[in-house]
Amino acid sequence: MIALIEASNRAAQVDRLAAWLLAASGFVVLLVFGLIVIFAVRYRRGSKASRAPLPIAEWKVEAGWIAGTTLGFLAFFFFGARLFVAMEDASGPADEIRVVGRQWMWDVRQPNGRREFDTLHVPLGTRVRLRMTSEDVIHSFFVPDFRLKQDVIPGKEVLLVFTATRTGRFPLFCTEYCGSKHAQMKGEVIVQRPEDYARWMANAQPPAEVLAHGHNLFLHYGCSGCHDRGSIVHAPSLEGLYGATVPMADGTFRRVDATYLRDCILNPETVRPAGYPPVMPSFRGVVPESDLTEIIAYLEGSVAAP
Amino acid sequence: MSTYLDRPTVRSWLTTLDHKRIGLLYLFSITFFFTIAAAAAAAMRIALLSPSGDLVASDVYNRLFTTHGVLMVWFFLIPAVPNVLGNFLLPLMVGARDVAFPRLNLASWYVFMAGGFLVLYAILFGGVDTGWTFYTPYSSTYANGHVMLMAAGVFVSGFSSIFTGLNFIVTIHRLRAPGLTWFRLPLFVWGIYSTSIIMVLATPVLAATLLLMGLERAFGVGVFDPRIGGDPLLFQHLFWFYSHPAVYIMILPGMGVVSEIITCFSRKPVFGYKVMAFAILAIATLGFLVWGHHMFVSSESVFAGVVFSFLSFMVSVPSAVKVFNWTTTLMRGSIRMDTPLIYALGFVALFTIGGLTGLFLATLPVDVHVHGTYFVVAHFHYVMVGGMVMAYLGGVHYWFPKISGRLYPEMLARFAALTIFIGFNLTFFPQFILGYLGMPRRYSMYPPEFHALNVLSTAGASILGVGYLLPLIYLVWSFYRGRPAGPNPWKAKGLEWTVPSPPPEHNFDAIPTVTEEPYAYNPEEDP
Amino acid sequence: MSETAAVSAEVRERHEITTQLGMWGFLATEVLFFGGFFMAYALYRHSYPEAFAEGGRHMAFGLGTTNTALLLISSVFVAIADRAVRAGRRGLTLGCLATAWLMGLAFLGIKAIEYTQHVSDHLVPGRHFLPGQSSNPRLQLFMYLYFGMTGLHAFHMIMGLIAVAWLMNGVRSGRIGPSRPEPVAVIGLYWHFVDCVWVVLYPLFYLVGR
Amino acid sequence: MKSEVPMCDLIGIGIALLFLLALSALTVIGPSAGWKTIVSLAIAAAKLVLIVWFFMRLGRHRGLIRVFAAAGLCWLSLLLVLGFGDYLTR
Ligand code: HEA
Ligand code: HEA
Ligand code: CUA
Ligand SMILES: [Cu+2]
């Protein structure tokens with residue numbers, strides 16, 4: 001069993017609010033359950049208890065309940081709304097990190113351009129602003145230990161601001177259903193002391209040689225025109241695709257491997273992934289075999305990128 | 001003496017215009033859909049026994065919860081009390097020979113079944129994995145499987161809701177017996193009336209939304225499509241404009257049932273009758289104003305979040321008043337813990353817990369944390385299963401003698417009710433904790449830390465499952481073999497108890513005239 | 001008037017109010033059915049005013065106006081038919097209904113002409129939308145809503161034509177007449193409602209941006 | 001028993017409707033402007049009132065039918081106001 005950690009500036013406040021709610025609810029539940037049990041026993045059929053009409057004016061009781069609950073509810077509303085408005089204020093100075101949700105990974109770009117997948121490094125005690133969007137469907141960025149959640153919406157940028165208050169690795173989940181591997185769209189937020197974070201940032205490794213060449217070919221043949229994010233053509237994004245099992249338009253499934261990619265590039269008319277229009281042109285006779293292998297190697301590698 | 005059950009030919013049942021028979025047609029149909037949806041729940045709970053998700057593949061799991069959610073919501077719970085008990089009882093309770101438009105009533109059942117079979121077809125041949133909420137652009141562009149058929153099934157069955165709601169509203173306005181003024185109506189009728197308003201005014205928006213989603217899927221481009229400037233959040237606004245009121249479709253009739261049962265078994269008029277009636281109406285109308293609380297983290301504006309949070313608290317006030325009034329009704333009553341009352345009090349208890357956790361969700365920063373987790377799953381099972389299903393079962397037991405003319409075995413029934421109560425809490429209480437700890441919903445696999453609580457939940461589900469199986473068996477048995485009940489075994493008030501059980505086809509030999517206030521019980525009299 | 005006739009007149013009156021209530025309730029449903037589309041329209045017109053202005057200029061203003069006039073006049077005939085049937089004027093009833101029916105058909109014909117024109121102008125949203133032109137991509141939203149809302153309206157018109165045909169058949173055979181006039185009023189309500197929807201669609205699509 | 005069917009009033013309403021239509025069609029003259037939208041929607045509303053009041057005979061009906069007729073519009077405005085409220089406050 002895990003205990004939840006309070007690892008962001010808002011966590012303790014949210015917990016306190018929840019604790020108050022719990023206390024009030026506990027009180028009400030005990031009251032209602034207690035009364036039900038007491039009445040059920042005391043006024044069981046045949047018992048000696050008095051059945052005379054209740055000696056109270058009905059309307060006074062009703063008015064009391066309405067007023068009492070309304071006041072109680074208003075209190076919770078007020079404290080909740082106040083904290084929420086403060087939490088959602090995304091203005092002010094902060095480190096900016098870009099986060100893109102994509103089936104089924106989190107693609108993060110640090111302020112200095114360093115890219116990471118499914119992890120998010122942030123410095124301790126620093127206000128961080130995430131600029132988030134999605135490339136395909138709606139995902140939701142959820143870090144339980146931070147009491148933090150935000151949906152990411154395709155075609156739209158949303159902001160999320162927080163300050164991490166503890167170092168360590170904290171689980172990151174996708175909490176908006178996004179397809180087959182929704183449950184695997186997980187990651188970690190890694191909070192480091194600022195000096196460690198700075199060191200980590202400086203360490204950006206260059207991508208391996210092959211990947212670079214494959215990537216150039218990917219650009220050269222114009223693949224990226226459609227398959228890059230931000231492209232207006234509705235074509236599948238290829239990052240992270242390799243090794244996945246993808247649905248076909250006819251309801252079957254295919255695994256993305258070298259053969260599959262070959263088919264897609266050379267005989268696109270034979271491959272119809274579900275949800276995409278058949279617009280992919282054939283590259284038969286356009287891409288020589290050697291380049292083809294390199295492109296496929298690049299696509300294979302882009303899943304294992306750092 | 002002839003009853004509505006005579007002439008048992010299939011043909012006479014399928015062409016019947018009798019509201020009582022139509023009610024039973026719904027009873028069979030929704031039990032059928034419930035069985036499938038419950039089997040999906042059982043499969044899900046079994047799958048979740050293992051954190052690594054190796055028992056059931058992700059794609060299968062995703063289809064399971066979609067099947068479960070869609071069938072439970074649209075093909076079981078929404079029609080449960082209104083279409084089964086409402087159809088059977090409403091004309092009897094208002095002293096009419098039938099509903100206002102009997103043909104429309106039968107048409108409504110056929111439409112419902114057509115929708116149901118579309119959904120079943122979609123499930124059997126490929127399935128759908130969007131969740132019951134059909135969020136775009138996943139549903140419109142990325143999902144594979146028979147999303148269109150599934151949506152079409154829900155769309156079609158929506159018309160069944162609309163027709164039934166329309167029928168009930170007009171019936172209640174036009175066909176009340178002489179002397180049956182608005183404030184003499186049983187609260188069950190108030191519940192059905194408010195539910196019908198929601199059905200008539202909210203369901204068409206769902207239809208429009210699903211239509212737009214389906215068009216987008218069919219043509220590969222549409223109004224929710226971000227590539228041409230569309231906004232996926234518009235789908236959510238439209239969907240929840242229907243679906244939040246729809247959750248009140250799934251509770252208001254239950255509140256009516258519970259009021260009938262509690263008064264009868266404590267031999268007291270309901271405490272604060274008028275407030276109870278207005279509270280139902282208030283929930284139905286205010287319920288239209290809170291849908292945005294499902295979208296607090298969807299990047300809806302902060303202002304909208306605050307407004308919707310405020311309204312969500314306000315819609316809870318009448319529910320709170322109702323809980324207190326039920327409790328007070330018991331005070332100085334003459335209480336006998338028969339099966340229906342066990343269910344009714346179970347409803348009050350579990351609905352209170354479910355409702356109070358609804359307040360957690362309405363509190364903005366807390367919702368940010370627990371949205372999309374098992375906390376929400378636990379919340380809605382508490383109100384829908386703990387609340388409405390309990391009320392439905394309570395109602396079925398309470399009116400079973402009227403429907404069948406026979407009694408069920410009381411001790412066995414009490415045992416089943418307690419089993420359900422215990423199994424239910426064991427299944428869903430751990431889910432609140434899971435949710436607060438951060439376990440996301442719609443996950444086919446989960447981190448091992450959550451293992452123990454999930455096992456507990458599955459264990460609870462198996463007890464709950466047994467609890468559901470029992471009434472299914474003994475009620476069927478009693479329908480044919482139970483002791484004859486006589487017209488009014490509970491000595492209950494209300495017009496439905498003045499006719500023989502089972503009632504004759506035309507209900508009343510002469511339309512009654514009502515002179516009594518509702519719930520004219522007296523706790524000092526021995527019934 | 002004899003006593004039984006008075007009673008049955010009262011029963012009939014009660015019955016008529018009941019069916020009318022049913023139809024009004026159904027129309028409330030219909031308002032919200034179109035409501036989803038109106039919400040989408042309002043949102044996108046608010047977000048992309050230029051695209052909507054441009055879209056309005058693609059509409060066939062003359063045809064749209066003619067169509068509005070057709071529907072308005074047809075409603076007059078339906079309203080007269082309602083009175084005529086109560087007065088026992090079978091010929092007049094049939095004549096009015098037939099005229100309204102033909103006008104409805106003409107409406108659909110004109111609509112079809114418009115649609116054909118839009119198709120050949122490549123204004124159907126999707127991959128073939130104004131190919132080769134760097135048009136405002138939001139224009140697709142406008143056209144989408146146009147096809148969606150007028151299409152839904154056209155569907156309702158077809159339903160209306162079927163219902164009125166059924167009425168005419170009933171009036172001709174005498175099933176619907178002075179002793180049972182209410183179907184004319186009830187279906188009339190539906191016809192007028194469909195008319196109302198168009199009255200709103202007309203400025204939203206044909207007058208925007210002009 | 002053939003009796004006269006009074007229809008002058010209905011024809012009068014029809015003419016008024018066509019007049020309103022002509023009026024709103026005339027707004028297309030001249031450059032486009034924001035007020036035109038308001039005017040054309042106001043004209044549409046006027047047409048609706050005429051149709052609903054006279055053709056659909058709301059003017060002659062009891063309160064209940066008026067409530068039914070109003071309900072659809074009321075609820076539609078709930079959808080528009082609250083839904084739009086979100087977008088206007090983004
Ligand atoms: C029968 C169905 C039903 C009912 C009745 C309710 C009732 C309520 N629900 Fe629930 N809800 C659902 C079904 C229902 N809900 C479903 C299905 C979902 C999830 C959908 C999905 O995403 O799949 C959901 C989700 C949901 C959310 C969104 C969660 C999220 O996704 O982030 C919220 C947020 O505000 C919410 C709030 C409420 C509130 C405030 C009530 C109130 O009406 C409750 C009122 C009752 C009480 C409050 C209890 C009695 C009160 C007292 C005894 C008073 C005393 C108390 C004090 C003074 C403290 N619900
Ligand atoms: C409306 C009514 C309704 C009802 C009655 C139920 C009933 C039950 N639901 Fe329901 N549920 C929903 C509505 C409902 N649910 C909705 C709307 C969702 C959201 C879907 C979505 O996300 O899209 C949901 C989602 C949902 C989830 C979350 C899935 C996820 O997010 O990953 C779970 C998980 O435990 C669950 C469990 C159950 C259980 C155990 C029952 C039990 O009450 C069922 C009891 C019945 C049985 C258990 C079967 C019969 C018994 C046997 C065959 C004996 C053997 C059993 C075992 C060994 C376990 N439901
Ligand atoms: Cu991404 Cu769920
Ligand atoms: Cu809700």
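No hydrogens, no waters, no symmetry mates; every other heavy atom, side chains included, goes into these values. Per chain, numbering begins at 1; letters A, B, ... match sequence-line order.
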Checklist entry - Picking from C:S47, C:P49, C:A69, which has the most non-hydrogen pairs under 4.5 angstrom with chain D? => result C:A69
Next on the checklist: Which residue is it: C:F37, C:Y41, C:W198? I am looking for the one with a ring pair (Phe, Tyr, Trp, His ring centres under 6.0 Å) to C:F205.
Outcome noted: C:Y41
Checklist entry - Can you find a heavy atom in the side chain of C:F38 that is under 4.5 Å from one in the side chain of C:L201? => result yes
Next on the checklist: The test is side chain to side chain donor-acceptor pair (under 3.5 Å); show your working for C:Y146 and C:H118 and say whether it passes.
Outcome noted: CA-CA 11 Å; C:Y146 165 76; C:H118 297 317; 3.2 Å; yes
Item to check | Check: C:R83 side chain, D:P6 main-chain N or O, donor-acceptor pair, under 3.5 Å | outcome: yes
Next on the checklist: Under a 4.5 Å cutoff for heavy-atom pairs, which residue among D:A22, D:A69, D:P31 has the most contacts with chain C?
Outcome noted: D:A69
Item to check | Side-chain ion pair, C:R57 and C:E54, N-O less than 4.0 Å | outcome: no
Item to check | Per-residue contacts, residues 83-90 of chain D versus chain C, heavy atoms under 4.5 Å | outcome: D:G83, D:F84, D:Y87, D:L88
Item to check | Per-residue contact mode, C:I73 against chain D (heavy atom under 4.5 angstrom) | outcome: side chain
Checklist outcome for this item: Looking only at D:G72, D:A71, D:G34, the option with the highest number of non-hydrogen pairs under 4.5 Å against chain C is D:G72
Checklist outcome for this item: Which of C:F107, C:F193, C:F34 passes ring pair (Phe, Tyr, Trp, His ring centres under 6.0 Å) with C:H156? Answer is C:F34
Item to check | C:L204 and C:R45, any side-chain heavy atoms less than 4.5 Å apart | outcome: yes
Next on the checklist: Is C:L27 close to chain D through its backbone or its side chain, or both, or neither, when contacts mean heavy atoms under 4.5 Å?
Outcome noted: side chain
Checklist entry - If you count heavy-atom pairs under 4.5 Å with chain C, which of D:I13, D:I29, D:I65, D:T27 comes out on top? => result D:I65
Next on the checklist: If you define the side chain from C-beta out and look only at heavy atoms, does anything of C:V78 sit under 4.5 Å from D:F55?
Outcome noted: no
